[in-house]
Number of protein chains: 2
Amino acid sequence: MSQSIEQPADGTRDRTPARAVPTSADVARLAGVSRATVSYVLNNTSAVRISEPTRKRVREAAQELGYVPHAAARSLRAGHSRMVLLPAAHVPVGPLYSRFLNDLQWALRRLDYTVVQYGSIGLDPEDAARAWAELRPVAVVSTGEVEVTPAAVDILKRSGVKAVISVGTRPSGGTHSLVLDQPRVGRVAAEHLIATGRRRIGVVVPEEPGLEMFSAPRLEGARTAAGAVGATVVPLPLAYTEESAGELAARWPELGLDAVFGYNDEYAMLLMRALQDAGVDVPGATAVVGADDLLLGRLLRPRLSTVRIDMVLGGELAALVDGAVNGTADPVGGRSLLDSRVIRRESS
Amino acid sequence: MSQSIEQPADGTRDRTPARAVPTSADVARLAGVSRATVSYVLNNTSAVRISEPTRKRVREAAQELGYVPHAAARSLRAGHSRMVLLPAAHVPVGPLYSRFLNDLQWALRRLDYTVVQYGSIGLDPEDAARAWAELRPVAVVSTGEVEVTPAAVDILKRSGVKAVISVGTRPSGGTHSLVLDQPRVGRVAAEHLIATGRRRIGVVVPEEPGLEMFSAPRLEGARTAAGAVGATVVPLPLAYTEESAGELAARWPELGLDAVFGYNDEYAMLLMRALQDAGVDVPGATAVVGADDLLLGRLLRPRLSTVRIDMVLGGELAALVDGAVNGTADPVGGRSLLDSRVIRRESS
DNA sequence: TTGAAAGCGTTACCAA
DNA sequence: TTGGTAACGCTTTCAA
């Protein structure tokens, strides 16, 4: 057994069976003051002056009891919270996106928001919205995998949500939308391939679920670019396994493609290797382009060409959220936050 | 500009300036019943029988107002919540770990917990614990990057937290610990290399911050295995860049190593390529082993040998959390949830 | 079958 | 300088 569970071993188990959690009333009692005074002292309320000895007594009492204020009670009283709800992704996405989400979480934290990840599987958009609304978040930032319909937005707004922001999808009614231009990724890839003389372009469409929201618009973008010059685009379903790549590579001659956009670097690497193993010359017979500019793509031979995506920064999105919450005018309007450009290496 | 911000475009901006969020009292008023009745109807309280016409009136009133119950008020009244707090990682970790966290979040959700990600940067363990305690979570699951000291555990327990679970670290006082056996990863890698005749083993130690919690124990495990048979282990600091790998490869002759454990597949791939570019024969002169069994590792030539880590499943950890919360006896005791074994391919 | 009221832990107003 | 009190939104016991 390479893993173990340890019970608390300090001999204090059940020393205090269901001991009550101390409240400000307990602190007040111990310090011999009123609850109001406790609140004043602990919140450093400047409008009220409390004598130093009293402050000291209160603080000591709080310390002794291990008193910690109750956030829910506080925000109930205050009438608002600083909770930002992030609908959880159904499936782990790529490294770029994970990094983005992590950045976002930290940036929000720095702005003193509490981030709640909330998964809502098998709920339709409106039921999901109702579930989210129960938490009375001040903002909802949907990262696109979860659809936010106009009706859902209405439910949220009516429950007091100040800002509904969707990122990664096309704008949906009533939300502030941060549209990550996925079609552009496919478009610049295709344009690059066309510019280097290719005319029959395969576009990998991952079979793994949860990726359609990225892959479909990328495919569409490639189609746009190809349509403009009479080039052909062929969708290529591909699972992230060596078998699937091998099968696709075996069909390569009959497909008659002279280029392929691999959705991202990982799928592109997988396919490129399969093509090479099947005797297809890269980039001679077929050019290959990935996306994300992963370091690993530079390790293969030929080095993988890629579309570098400059993802919007978590900090900027956090600023947008904060602005929307405060009702401040759009803090990022007009700025280009997502840019994609081809980095040509050796595979194209 | 490849990205745009859209304002709500339905012409309804500020249609209802600061309209109050409906409460159960509003519903009661509209339906012509008491708040109690509203609560009974909406919660399907079985102990009380409400006439069908009344139920209907209440439901319609709720519907019309867009009423959604207030979770904080509810749990304040109930005296407990179902919130699980997950201290946020400071830095994005590998794909395996992201997947694990995602699984965990979903598994907890399925058990009807609400997952709150909470970052606490620059806070010492006790202050962080106090911040967490304000939220009155029912459980805290530390994924290791954030240290949970015994004092922190005490603060949490006193605030009503039922279970403190730390995963990935050595057991810390008073918590249920799920120890992911990182040393074992290094040990099996080293044992494999030793078994195939290698004696001077380099172990990559990533320079990227936030990875020490994994890399240090892996290095230690390798040392243990080597020490047992008089083999040598040399730590190799390496940044995740081609330059760093190139510099390390350039020093290879003077290092005199006949094998290297690359920390994980990504670092191993990076280093293996640099070695090959520097003219080092792999696996002839130097054997290379990674970890994580990434698909991409099979694309290089020679195919990368790796340590396959069967990570504990999110669902199992969620079950442990649930068991700890319910006070049920340890639900996973004695089971081996983390296992590591070498998958030999061509690079060793 | 329904309603009145208490209480969860806070904070803010007003009075002392 | 301090304390009493009401109110935030909800559930639940008790009484009608």
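Side chains included, hydrogens not; waters and symmetry mates left out as well; all remaining heavy atoms used.
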So, does Thr37(A) get its side chain near the phosphate of dG3(D), meaning an N or O under 4.0 Å from OP1 or OP2?
yes
Shortest non-hydrogen contact from Phe100(A) to Leu317(A)?
CZ-CD2, 3.5 Å
Name the residue closer to the 5' end of DNA chain C, choosing between Arg57(B) and Thr45(A) according to the nucleotide with the nearest heavy atom.
Arg57(B)
Considering every strand and a 4.0 Å limit on heavy-atom distances, what is the contact class for Thr54(B): base, sugar-phosphate, or nothing?
sugar-phosphate
Exceeds 12 heavy-atom contacts within 6.0 angstrom, atom CZ of Arg99(B):
no
In whole Å, what is the span from the CD1 atom of Ile50(A) to the C1' atom of dA12(C)?
13 Å
Set out, line by line, the N/O atom pairs under 3.5 Å between protein and nucleotides 8-10 of chain C.
residue	atom	partner	partner atom	Å
dC8(C)	O2	Arg77(B)	N	3.4
dG9(C)	N2	Ala73(A)	O	3.4
dT10(C)	OP1	Tyr67(A)	OH	2.7
dT10(C)	OP1	His70(A)	N	3.1
dT10(C)	OP2	Ser24(A)	N	2.7
dT10(C)	OP2	Ser24(A)	OG	3.3
dT10(C)	OP2	Tyr67(A)	OH	3.4
dT10(C)	O5'	Tyr67(A)	OH	3.3
dT10(C)	O4	Arg35(A)	NH2	2.5

Atom CZ of Arg55(B) and atom P of dT1(C) are separated, to the nearest Å, by 9 Å
Within the 4.0 Å heavy-atom criterion, would you say Val33(A) contacts the bases, only the backbone, or no part of the nucleic acid?
sugar-phosphate
Does Arg130(B) come within less than 4.0 Å of Glu134(B), counting only side-chain N to carboxylate O?
no
In whole angstroms, how far is the P atom of dT2(D) from the OH atom of Tyr40(A)?
11 Å
Result block: side-chain N/O donor-acceptor pairs under 3.5 angstrom for residues 44-55 of chain B, not counting sequence neighbours:
residue	atom	partner	partner atom	Å
Ser51(B)	OG	Thr54(B)	OG1	2.7
Arg55(B)	NH1	Ile50(B)	O	3.3

What's Ser75(A) touching, base or sugar-phosphate or nothing? Going by heavy atoms closer than 4.0 Å.
nothing
Whole angstrom is fine here: how far is it from CG in Asp26(B) over to P in dG9(D)?
9 Å
Do Arg59(B) and Val27(B) touch side chain to side chain, with heavy atoms closer than 4.5 Å?
no
Between Tyr67(B) and Val21(B), is there a side-chain heavy-atom distance shorter than 4.5 Å?
no
Side chain of Ala36(B) only, heavy atoms from C-beta on: which candidate in dT1(C), dA4(C), dT1(D) is closest?
dA4(C)
Tell me: NZ of Lys56(B) to C1' of dT2(C), nearest whole Å?
19 Å
At their closest point, which heavy atom of Val148(B) faces which heavy atom of Ala152(B), and how far apart are they?
CG1-CB, 4.2 Å
What is the distance, to the nearest angstrom, from the CD atom on Glu134(A) to the C1' atom on dT11(D)?
14 Å
